[in-house]
Structures are given as C-alpha cells and as structure tokens.
Amino acid sequence: MTTRDTDWDGVRLHVITGKGGTGKTTVAAAMALALATAGHKVLLIEVEGRQGLARLFDRPPLPYEERKVALGLGAQGTGQGGDVYALAVDPEGALLDYLGMFYNLRRTGMALNRLGVMDFATTIAPGLSDVLVTGKATEAARRRVTRGGDHVYHAVVMDAPPTGRIGRFLNVSTEVSALAKVGPIKTHADTVAKVIRSPQTAVHFVTTLEEMPVQETLDGIAELHELTGGAIRAGGIIVNMARPALLSSADLAAAASGTLDVAELAIGLKAAGISENHGLAADLMTELRDHALQVALQDKERDELLTVGAPHYELPMIPDGIDLAGLYQLADALRQQGAA
Amino acid sequence: MAPVRLDMDRIIDDRRTRIIVCCGSGGVGKTTAAAAIGLRAAERGRHTCVLTVDPARRLAQSMGLTSLDNTPRQVDGVDTAGGGSLHAMMLDMKRTFDEIVEAHADPDRAAQILANPFYQSLSSSFAGTQEYMAMEKLGQLRHADEWDLIVVDTPPSRSALDFLDAPQRLGRFLDGRLIRVLTAPAKAGLSYMKVLNTGLAMITGTLTKILGTQVLRDAQTFVTALDTMFGGFRERAESTYRLLQAPGTAFLVIAAPEPDALREASYFVERLDAERMPLAGLILNRVHTSPAERLSAARSLAAAETLEMRDRPNGEPVPGPQRYALAAAALRIHAERMHLGKRERRLAEHFTSAHPAIPVAEVGAQPEDVHDIDGLRVIGALLSGQAP
C-alpha cells in the first residue's frame with residue numbers, strides 16, 4: 001500500500017495518449033517508474049510496434065514477453081524502488097495469447113497467422129485487432145498471483161495510440177459490436193470494455209503547450225466523452241516540455257511589446273565582463289521578445305487546458321534529451337505533483 | 001561537412017515537377033510545410049492544388065477548407081499576379097472509398113458492399129485506409145490534369161512506412177490464401193468445401209468459434225464482393241505507385257531536429273531509395289538558431305551567474321530592485337537557446353553524415369504557430385532560404 005494519497009489511487013490501468021511529438025512514450029515510462037514504489041511491480045505496455053520503450057531503456061527490441069527493464073523510483077528517504085516490467089504487444093501475439101488462454105488453441109492460432117488472419121483483421125477490421133491488444137492490457141491489470149490473491153501488477157501503464165485514434169481504440173465494445181452482435185469475440189470485447197470503463201482505468205492526455213497539441217487534446221477528450229457517452233472519462237492532463245518563464249511578468253509584458261530598456265541590459269552585460277560588440281544587447285532583446293511571446297502562448301494554451309477541469313501536471317523540458325536519468329527526473333516530478 | 005542546400009524554388013519553378021509529396025512522422029509540421037510550398041508555388045505562377053489529410057482547424061479555416069466535400073476549393077488571399085492559382089482540399093476518406101466502390105461495381109453490388117459492416121469498419125478506420133485513399137485521391141487529381149502542380153500531405157502514420165505499403169498491402173491481402181478460404185464456399189458451394197483438406201476445415205471452424213457464424217458470413221460476403229472488384233483495385237494501386245516513381249514527382253521528407261523525428265526521416269529516406277522513389281530532399285523544420293551566435297552558451301551562463309552573485313552577494317537578495325535581473329535572465333535565455341540549437345545541430349549532423357547526398361533546407365522555429373496565409377508565406381520564404 002502507498003503511504004500517501006495520489007490523485008489516482010485505485011486506478012490499475014493508466015492509458016497514456018498524446019499527439020505525435022509530445023513525448024507520450026517518455027511520459028508513459030516516467031509514469032511507470034513513478035508508480036513502482038518499493039515492492040510494487042508495474043507493467044509498461046507498448047502497442048504500436050515501434051519499439052520506443054526498448055530505445056528509451058537502452059535495450060534490444062522487446063519480444064512479446066513481460067521483461068524487467070528498470071527499477072522504480074525509490075520512495076522518499078528509503079531509496080528503494082519496485083520493478084518496472086515492459087511488454088511490446090502486437091496483434092499477432094495477442095491473438096495467439098487469446099486463443100491459448102480461452103480456447104487452448106494456440107497451435108491453430110499459429111496456422112491462422114500463417115494464413116494472414118491478422119493481416120486480414122488489421123486491414124479490414126482494425127477494431128478486432130484493437131480488442132486483442134487492449135484485452136492483453138486489461139488481462140495484465142486483472143491478473144492475480146493466486147485465485148483471489150494479490151494482483152501481480154500494482155499498476156499497468158499503456159503507451160497507447162495517439163490522440164486522434166484513442167477514442168476508437170478504447171471504445172472496443174462498440175467498434176466490435178458493429179461487426180459482431182453476438183459471439184465469443186463480442187463477449188470478450190464486453191469484458192475488456194467493462195474494465196476500461198470502470199474507475200480502475202484512467203486515460204491521461206500528454207500535450208505540449210502549443211496550439212495544435214492542445215487543440216487535439218481538447219478534441220480527444222471531447223471525442224472520448226462523446227463516443228462512449230461519458231463512460232470513459234479523461235484522467236489527467238500532463239503537459240510535457242514546459243519551459244519556465246525566466247522574466248518577471250512586468251518584464252515579460254515589456255519584452256513582448258518591445259519596450260524593454262536596452263540600456264539596462266547593456267549595463268548588465270558590461271558588468272558581467274561581456275563587451276557589447278555589434279549590437280549584442282539588441283540581439284539579446286530579440287531573444288527576450290521571442291521568449292516573452294512563447295511564454296504568453298504557453299499561458300494562453302495552459303488556460304485552455306485548465307477549462308477542462310482535469311488534474312493538471314507539468315513536466316520540465318530536459319534540455320539534453322531523454323535518458324534514464326531524465327526519466328527518473330520526470331518520474332519524480334510526476335510524484336511530487338501527486339500523479340503517482 | 002555542410003549538407004547540400006535544398007533549392008526549393010528550383011523544384012517548384014520547374015514545370016516538369018507535377019507532384020510534391022511531403023512525408024515524415026506526426027507533429028513535425030508536415031501539413032504546414034505542404035501548404036506553404038503550395039502557396040509559394042501558386043504565387044510564383046503555378047496552378048497548384050494542395051491535398052491535405054488532417055489539417056489543424058485554424059489552418060484549414062484560413063485556407064477556406066471549412067466543408068469536407070472532397071473537391072478542391074480556391075483559396076482566397078493568394079497573390080495571383082504571377083499568373084498562378086491555389087486550390088486546396090481536405091481528404092474525405094470514406095467518401096473517396098465509396099466512390100471507388102461505385103465506380104467498380106454494378107449498382108446492386110455496390111449497394112451491398114456499402115451496407116456491409118466490414119466495409120463500414122474498413123472505410124472509416126484510420127489504420128491503412130487513410131494512406132490508401134490519400135494515394136487514390138492523388139491519382140484522381142493528377143489524372144484530372146486541371147492543375148500543373150499537386151502538393152500532397154501524407155497521413156500522420158504511426159509508422160512512416162504505412163503510406164508506401166498501403167496500395168500493396170491491399171493487393172497482397174486480396175491475393176492472399178485467407179481470402180481463398182473465405183470465398184471458397186460462396187464461390188463453389190458446399191461441395192467444394194467437402195474437398196477442402198481438414199486443415200482448412202479446422203481453420204474455418206476456428207474462425208467460426210472465435211468470431212461467430214454471423215461475423216464470418218459478413219466477412220465472406222464482403223471479401224467475395226471485393227474479390228469481384230479486385231482487378232480494378234489492384235490496377236489503381238499499381239498505377240498510383242508508378243505515378244509516384246515517375247520523374248515529375250518530388251518527395252520531401254519533413255523532420256524536426258529531434259531524435260524520433262530524425263530516426264523516422266532516416267527510415268523514410270532509405271525506404272524511398274529502396275523503392276526507387278524520387279527524393280528531392282529533407283526539410284528540417286523548427287530549428288533553433290540565435291541572432292547572437294557569437295556569445296557561446298557556456299560564456300553566457302557564466303556571465304548570468306556572475307550577475308546573479310552580484311545581486312545576491314551573501315546568497316540572500318539585497319533589498320530593493322535587483323540591478324542585473326534583466327541582464328541575467330537574458331543571458332540565461334540565450335544560453336538555453338544556444339544549448340538547444342547545439343543539440344539540434346548535432347542531431348542534424350548525425351543525419352547528414354549518414355545521408356551526405358541529400359539536400360537539406362532548414363526552417364527556423366517560429367515563436368507562434370502558423371494559422372493564416374501570411375504565416376504560410378513566411379514559412380514558404382524561409383523554406384526557399386529567403387528572409388521573409
């Protein structure tokens with residue numbers, strides 16, 4: 001048990017979505033590290049076959065197998081973390097798993113694969129392969145060590161498809177029932193849907209403070225609500241790569257309108273021993289203006305996000321690029337803000 | 001070693017260039033680049049049509065793309081003094097697909113296909129279909145021959161390769177063994193089923209078990225119907241593929257100076273090469289440069305710290321306004337920008353050293369997003385290496 005409350009106590013499946021380029025894979029990994037406190041196992045699932053997790057954790061491509069990839073972020077003071085496992089789910093593997101688990105038909109499944117059944121499903125009915133993939137995630141979230149015993153995983157974090165596709169991806173039950181009104185696959189989809197629609201699942205949106213990603217986030221949240229009649233709720237909004245304002249608000253306003261005092265800047269440069277050659281102060285003023293415009297844009301986008309009323313988290317830009325140390329830094333930021 | 005500079009104006013001014021395909025991973029500014037290239041070409045005298053897949057709302061509005069009617073509309077606010085024009089359209093995936101079905105099947109069969117649940121799932125799903133339909137629409141626009149330049153923005157595929165694979169994947173699927181299993185009973189009746197070997201019978205049995213009889217029947221109806229249109233589909237896919245390989249086509253790979261985007265770009269470059277697609281160059285978008293490159297990040301940061309120490313001689317701020325706060329902040333902002341720029345350059349060099357022959361055009365990061373014609377014009381100028 002955790003010793004403190006987080007915003008998502010009771011959530012067992014964290015679905016992380018976001019527009020391309022906003023860093024949803026990074027945030028999913030950071031979330032898994034943050035959730036894996038001492039003694040807890042957390043499973044991080046990748047569903048798009050890009051092997052982004054393997055790269056992030058600096059490992060060879062992940063197979064269809066739950067493998068330990070990192071130690072979780074230690075609880076404050078103890079320094080002891082739990083374990084983070086990773087799994088790359090692909091529709092073929094998920095089909096074999098499904099056939100093996102429910103019908104004891106793993107070998108037939110292999111024959112089906114040779115015939116190109118998954119090619120068929122992904123080509124003409126993506127809803128069918130989506131239900132297999134989400135089914136694997138919900139199965140891992142519900143799995144117990146023994147019947148009625150503890151859960152194997154304290155939490156499952158899914159690096160899900162991008163915002164533009166998330167509504168349909170998670171709305172498996174409806175997508176499948178358009179094809180199958182009855183039958184085993186429909187029953188399976190309903191079971192999966194029940195988990196996804198329960199309070200045990202939260203769908204978090206990753207965005208940067210830029211216009212298009214924010215708009216897609218708002219659209220994605222609305223679409224999720226609309227498609228599922230409010231049954232799947234948006235979880236938190238996680239702002240990634242936020243750049244802090246380095247100027248006072250008065251200076252920001254002045255910088256944006258071009259009324260900052262160049263002389264003041266020049267005096268400062270001189271005091272720091274930097275000669276003011278070729279209009280350096282003026283060039284730095286241009287950069288201050290860009291910075292002010294960017295901060296103003298960020299503030300505007302943040303206000304838009306806040307209208308949703310969802311828990312809001314912000315992760316800093318890691319200037320040197322994301323490595324394991326950077327991931328722990330982000331995990332710590334998530335935990336400080338109560339996301340995990 | 002500095003890469004070869006991509007000469008955008010030469011490409012768009014060359015009347016032999018009939019198609020420009022912008023590809024790259026999601027979130028790198030592909031749509032904006034395609035629109036900016038289209039606008040610049042139009043203002044330099046070409047009759048241009050921009051085919052876009054999923055534009056941001058405000059950009060779409062600024063180009064007059066408010067209705068999704070699957071036909072190109074003239075864009076207002078374009079300088080047509082050079083004798084050119086600009087049209088733009090947003091892809092309606094389902095409608096494009098419906099039109100193909102209607103063109104290739106008799107009315108009864110078309111109606112049957114359009115009503116089939118598998119068709120409806122396929123024609124409105126994003127995976128694969130969007131890529132295929134974008135290429136189909138491109139083929140149609142090119143065939144109509146109303147524009148002398150078509151600029152197409154590719155779908156934000158989860159994998160950059162999907163878009164090249166789409167026509168072939170459909171062909172392979174329709175050619176596959178599974179389809180023969182599924183269509184066998186419908187084609188030859190039950191007697192044919194009897195001679196199927198037990199392996200196949202087991203497969204159909206399993207499919208029935210997993211999917212249920214109704215689903216299997218719908219799937220069979222659908223693929224049988226599709227099978228009759230098979231020749232037409234494949235022909236179209238192949239002719240579009242050839243169109244892309246033709247000398248009048250120029251592929252542009254768009255990337256942002258970030259590891260993932262550049263990795264996708266590398267992938268794309270190699271793939272285009274393998275498919276013998278004419279690659280014109282790489283557009284490196286949102287590059288951070290500084291007007292004060294002469295002051296290094298390290299020196300700037302050291303100077304900022306010096307000033308901060310003067311303002312706080314004992315670690316505590318002295319009372320009253322801090323004299324050097326503004327200068328210190330400016331130096332920190334500069335150091336951050338230089339640091340980011342340096343990292344981006346390193347990533348870009350990594351790409352160019354692996355692909356030294358590929359021309360590159362860089363576009364500086366803009367403080368604000370582009371959502372009007374004037375903004376597109378600025379990007380177009382930057383793409384061509386001109387100060388706007």
Side-chain angles (χ1 to χ4, degrees), chain A residues 19-22 48-50 99 103 105 108 111-112 115-117 119-120 122-127 161-162 164-165 175 178-186 210-212 215 246-248 251 260 264-265 267-269 271-274 280 283-284 286-288 290-291 293-294 297 319-321, chain B residues 25-28 54 56-57 117-118 120-122 125-128 156 158-159 169-170 173 176-178 181 199 202-203 206 209-212 214-215 218 222 256 258-259 261 290-292 295 299 303 306-307 310 324-334 336-337 339-340 343 367-369:
Chain A
K19 181 176 159 60
T22 59
E48 289 197 291
R50 275 197 305 212
L99 289 176
Y103 300 101
L105 278 175
T108 317
L112 287 176
L115 266 181
V117 167
D119 231 15
F120 168 79
T122 40
T123 309
I124 85 160
R165 218 172 80 75
E175 290 293 313
L179 297 175
K181 306 269 181 298
V182 290
I185 191 85
K186 170 80 171 96
E210 293 167 293
E211 196 175 315
M212 274 195 264
Q215 189 58 50
L246 294 173
L247 290 176
S248 68
D251 281 350
L260 270 183
E264 187 190 340
L265 183 59
I267 291 170
L269 290 179
I274 291 174
L280 183 65
D283 286 341
L284 293 184
T286 308
E287 293 188 359
L288 282 174
D290 287 351
H291 175 75
L293 286 177
Q294 197 184 33
L297 191 71
D320 288 318
Chain B
S25 57
V28 296
D54 187 21
R57 195 175 301 160
F118 274 90
Q120 286 167 355
S121 163
L122 169 63
S125 74
F126 288 87
R158 56 183 131 163
S159 148
R169 193 168 66 187
L170 196 70
F173 158 68
R177 281 200 290 166
L178 180 69
V181 175
M202 184 184 75
I203 299 286
T206 307
K209 198 160 178 179
I210 309 166
L211 297 171
Q214 168 244 332
V215 182
D218 281 341
F222 177 53
E258 286 149 20
S290 161
L295 179 61
R299 219 174 139 226
T306 305
L307 293 180
R310 292 227 189 149
Y324 300 123
L326 178 66
L331 288 164
R332 279 198 180 275
I333 288 166
H334 176 67
E336 198 181 90
R337 189 155 158 172
H339 191 76
L340 185 61
R343 175 167 180 263
E368 290 170 292
D369 282 345

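Letters go in sequence order (proteins before strands), and every chain restarts at 1.
- Contact of the B:Arg337 side chain with the A:Asp290 side chain is registered, since non-hydrogen atoms from C-beta on lie closer than 4.5 Å.
- Using a 4.5 Å cut-off between heavy atoms, B:Leu295 touches chain A through its side chain atoms alone.
- Counting heavy atoms from C-beta outward, B:Asp218 and A:Leu179 have side chains that stay 4.5 Å or more apart.
- For A:Lys186, no part lies under 4.5 angstrom from a heavy atom of chain B.
- Rounded to the nearest 0.5 angstrom, A:Leu246 CG and B:His334 NE2 are separated by 14.0 Å.
- Both the backbone and the side chain of B:Ile333 come within less than 4.5 Å of a heavy atom in chain A.
- Only the side chain of A:Leu297 comes within contact range of chain B, with at least one heavy atom under 4.5 Å from a heavy atom of that chain.
- Chosen from B:Ala256, B:Pro291, B:Ser290, B:Pro117, the residue pairing most often with chain A at heavy-atom distances under 4.5 Å is B:Pro291.
- For B:Arg299, there are no salt bridge (charged side-chain N to carboxylate O under 4.0 Å, His left out) partners at least two apart in sequence or on another chain.
- Residue B:Glu336 holds its CD atom at 10.5 Å from CD of A:Glu287, rounded to the nearest 0.5 Å.
- Using a 4.5 Å cut-off between heavy atoms, A:Leu105 contacts chain B through its side chain alone, with no backbone atom that close.
- Both the backbone and the side chain of B:Ala330 come within contact range of chain A, with heavy atoms under 4.5 Å apart.
- Looking at A:Gln215, the atoms closer than 4.5 Å to chain B (heavy atoms on both sides) all sit in the side chain, from C-beta outward.
- Under the side chain to side chain contact (heavy atoms under 4.5 Å, CB included) criterion, A:Ala272 pairs with B:Ala303, B:Leu307, sequence neighbours left out.
- Of all heavy-atom pairs between A:Leu265 and B:Ala327, the closest is CD1-CA, 3.5 Å.
- Interface residue B:His339: only side-chain heavy atoms are found under 4.5 Å from chain A.
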